[in-house]
Amino acid sequence: MNTVAESRLTIEPGRQIPLPVQLDVEARFETFFAGENAEIIATLQALPSPGVWLSGAAGSGRTHLLQATVAAKPAGHAMYLPLRNGFPPQVLDELPAEILLCLDDIDAIVGDLEWERALLLHYERVVRGGNAMVIAGSDVPSGTAFALQDLRSRTQSLLAFRLRELEDEQKHAALRMRAEHRGMELPDETARYLLTRLPRDSRTLYDWLYRLDEASLSAKRRLTVPFAREVLKRAGIDH
């Protein structure tokens, strides 16, 4: 997958916060097939205070939308933080409330009192300033087992949305749309073949689309069903 390193966030002249994370250059609002989730995209683009909570299954597009939200902001105005990467809570200490914070994988710090206290303090700064933040996790705020009841109650003030899974025809259209955005020629029959052979979550489908694109360019072959079958067989998927 194509990525671009985002190593520092400038918070004022001469002061920077290290950000050892990578953003997917493909993660933009225009590359997200909305399906039944159009309201979520519109809300993230408008982003009213105090912000948005996204829930959904793994591979449902939570990470894509958080990174798209960051990408839509001017440089230095937003920060994407994947909590599964093990960042310490001190990363929030000097983060100004006006910097849009997009926290991914909130489940990774649930029950960690130090992290929960830091997040509660940051949330209160965001609210006092009339700013916004975005949090993504597997469940809605009321179903997230925070140790701090104050944090659970505060996060319930966020606009909560659950990402709806795409239907099969929508996944087919999403694959075609993503391929077109990359300048790929993805025949209709190849897209349908991939949907019958690969796991149906969007993350896996797009990852394989990129791998097949690279393989076809390397082999100088069109992305036909026979070629896709060869690549999947080498990976032990299509026997």
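Starting from 1, each residue takes its place in the sequence as its number.
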Problem set entry | Under 3.5 Å side-chain donor-acceptor pair for Asn131 and Ser49 | no
Exercise. What's the spacing between Phe161 CZ and Leu54 CG if we round to 0.5 Å?
Worked result: 8.0 Å
Exercise. Are Glu165 and Arg200 within salt-bridge range, i.e. N to O under 4.0 Å?
Worked result: no
Exercise. Taking Asp107 for the side chain and Ser138 for the main chain, is one N or O donor matched with an acceptor at less than 3.5 Å?
Worked result: yes
Exercise. side-chain hydrogen bond (donor to acceptor under 3.5 Å, both in side chains) with Arg164: which residues, sequence neighbours excluded?
Worked result: none
Problem set entry | Gln156 atom CD, neighbour heavy-atom count above 12 within 6.0 Å | yes
Problem set entry | Shortest non-hydrogen contact from Leu113 toward Ala147 | CD2-CB, 3.7 Å
Exercise. Leu101 versus Tyr80: any side-chain heavy-atom pair under 4.5 Å?
Worked result: no
Problem set entry | Donor-acceptor under 3.5 Å (Asn37 side chain, Ile40 main chain) | no
Problem set entry | From CA spacing to verdict: salt bridge (charged side-chain N to carboxylate O under 4.0 Å, His left out), Asp105, Arg62 | CA-CA 9 Å; Asp105 300 303; Arg62 297 178 332 217; 3.5 Å; yes
Problem set entry | Interatomic distance, Leu92 atom CG to Leu81 atom CG [nearest 0.5 angstrom] | 7.0 Å
Problem set entry | Side chain proximity check, Leu205 to Leu195, heavy atoms < 4.5 angstrom | yes
Exercise. With the threshold set at 4.0 Å, does a side-chain nitrogen-carboxylate oxygen contact exist between Asp207 and Arg203?
Worked result: no
For this session: Work out which heavy atom in Trp53 is nearest to a heavy atom in Pro141; give both atom names and the distance.
Result: CD2-CG, 3.5 Å
For this session: Tell me, with the steps shown, if His181 and Met177 meet side-chain contact (heavy atoms from CB on, under 4.5 Å).
Result: CA-CA 6 Å; His181 184 267; Met177 184 190 79; 5.8 Å; no
Exercise. Do Thr204 and Asp201 have side-chain N/O donor and acceptor atoms under 3.5 Å apart?
Worked result: yes
Problem set entry | Any donor-acceptor N/O pair, Tyr123 side chain to Arg154 backbone, under 3.5 Å | yes
For this session: Check Ser157 against Pro50 and note the closest heavy-atom contact, atom names and distance.
Result: O-CG, 3.8 Å
Problem set entry | Separation of Leu194 CG from Ile237 CD1 (nearest 0.5 Å) | 10.0 Å
For this session: Please identify each residue that fulfils side-chain hydrogen bond (donor to acceptor under 3.5 Å, both in side chains) with Arg178, with sequence neighbours left out.
Result: His64, Tyr210
Exercise. Name the one of Ile106, Val140, Thr144, Leu163 that satisfies side-chain contact (heavy atoms from CB on, under 4.5 Å) with Ser55?
Worked result: Val140
Exercise. Are Glu230 and Lys233 close enough that some pair of their side-chain heavy atoms sits under 4.5 Å apart?
Worked result: no
Exercise. Does the pair Leu186 and Leu212 meet the rule for a side-chain contact (heavy atoms from CB on, under 4.5 Å), with working shown?
Worked result: CA-CA 10 Å; Leu186 179 65; Leu212 288 165; over 6 Å; no
Exercise. How far does CG of Leu209 sit from CZ of Arg211, to the nearest 0.5 angstrom?
Worked result: 12.0 Å
Problem set entry | Minimum side-chain heavy-atom gap Ile135-Leu158 below 4.5 Å | yes
Exercise. Tell me, do Arg125 and Pro96 make a side-chain contact under 4.5 Å, heavy atoms counted?
Worked result: no
Problem set entry | Closest heavy-atom pair and its distance - Leu166, Ala174 | CD1-CB, 4.1 Å
For this session: Using modelled atom types only, decide if a donor and an acceptor are shared between the side chain of Glu116 and the backbone of Leu148 within a distance under 3.5 Å.
Result: yes
For this session: Give a yes or no answer on whether the side chain of Ser218 reaches the backbone of Ala215 with a donor-acceptor pair at less than 3.5 Å.
Result: no
Exercise. Do the charged groups of Glu214 and Arg182 touch, with an N to O distance under 4.0 Å?
Worked result: no
Exercise. Which atom pair, heavy atoms only, marks the closest approach of Ala145 to Val110?
Worked result: O-CG1, 2.9 Å
For this session: Taking only Lys NZ, Arg NE, NH1 and NH2, and the carboxylate oxygens of Asp or Glu, determine whether Arg162 and Glu36 approach each other closer than 4.0 Å.
Result: no
For this session: Answer yes or no: does atom CD of Glu180 have more than 12 heavy-atom neighbours from other residues, nucleotides or ligands under 6.0 Å?
Result: no
For this session: Report yes if the side chains of Leu232 and Leu198 come closer than 4.5 Å at any heavy-atom pair, otherwise no.
Result: yes
Exercise. Any side-chain donor paired with an acceptor under 3.5 Å for Glu114 and Gln90?
Worked result: yes
Exercise. Where do Glu185 and Arg176 land on the salt bridge (charged side-chain N to carboxylate O under 4.0 Å, His left out) test, with the steps shown first?
Worked result: CA-CA 9 Å; Glu185 181 184 349; Arg176 297 292 301 277; over 6 Å; no
For this session: Carefully, step by step, assess Leu103 and Ile109 under the rule side-chain contact (heavy atoms from CB on, under 4.5 Å).
Result: CA-CA 11 Å; Leu103 283 177; Ile109 59 91; over 6 Å; no
For this session: Indicate whether the side chain of Asp93 and that of His122 have a donor and an acceptor atom separated by less than 3.5 Å.
Result: no
Exercise. Cluster question for you: counting only ILVMFWY and a side-chain heavy-atom cut-off of under 4.5 Å, with indirect links fine, are Leu121 and Leu83 together?
Worked result: no
Problem set entry | side-chain contact (heavy atoms from CB on, under 4.5 Å) between Phe227 and Thr190, worked out | CA-CA 9 Å; Phe227 179 74; Thr190 305; over 6 Å; no
Problem set entry | Side-chain touch Gln67/Asp104, heavy atoms, less than 4.5 angstrom | no
Exercise. Would you say the side chain of Pro48 lies within less than 4.5 Å of the side chain of Leu159, judging by non-hydrogen atoms?
Worked result: yes
Problem set entry | Between OG on residue Ser202 and NZ on residue Lys171, distance to nearest 0.5 Å | 6.5 Å
Problem set entry | Inter-residue atom distance Leu47.CG - Gln45.CD, 0.5 Å rounding | 10.5 Å
Seminar exercise, completed: On a heavy-atom basis, the closest approach of Gly35 and Gln170 is CA-NE2, 3.7 Å
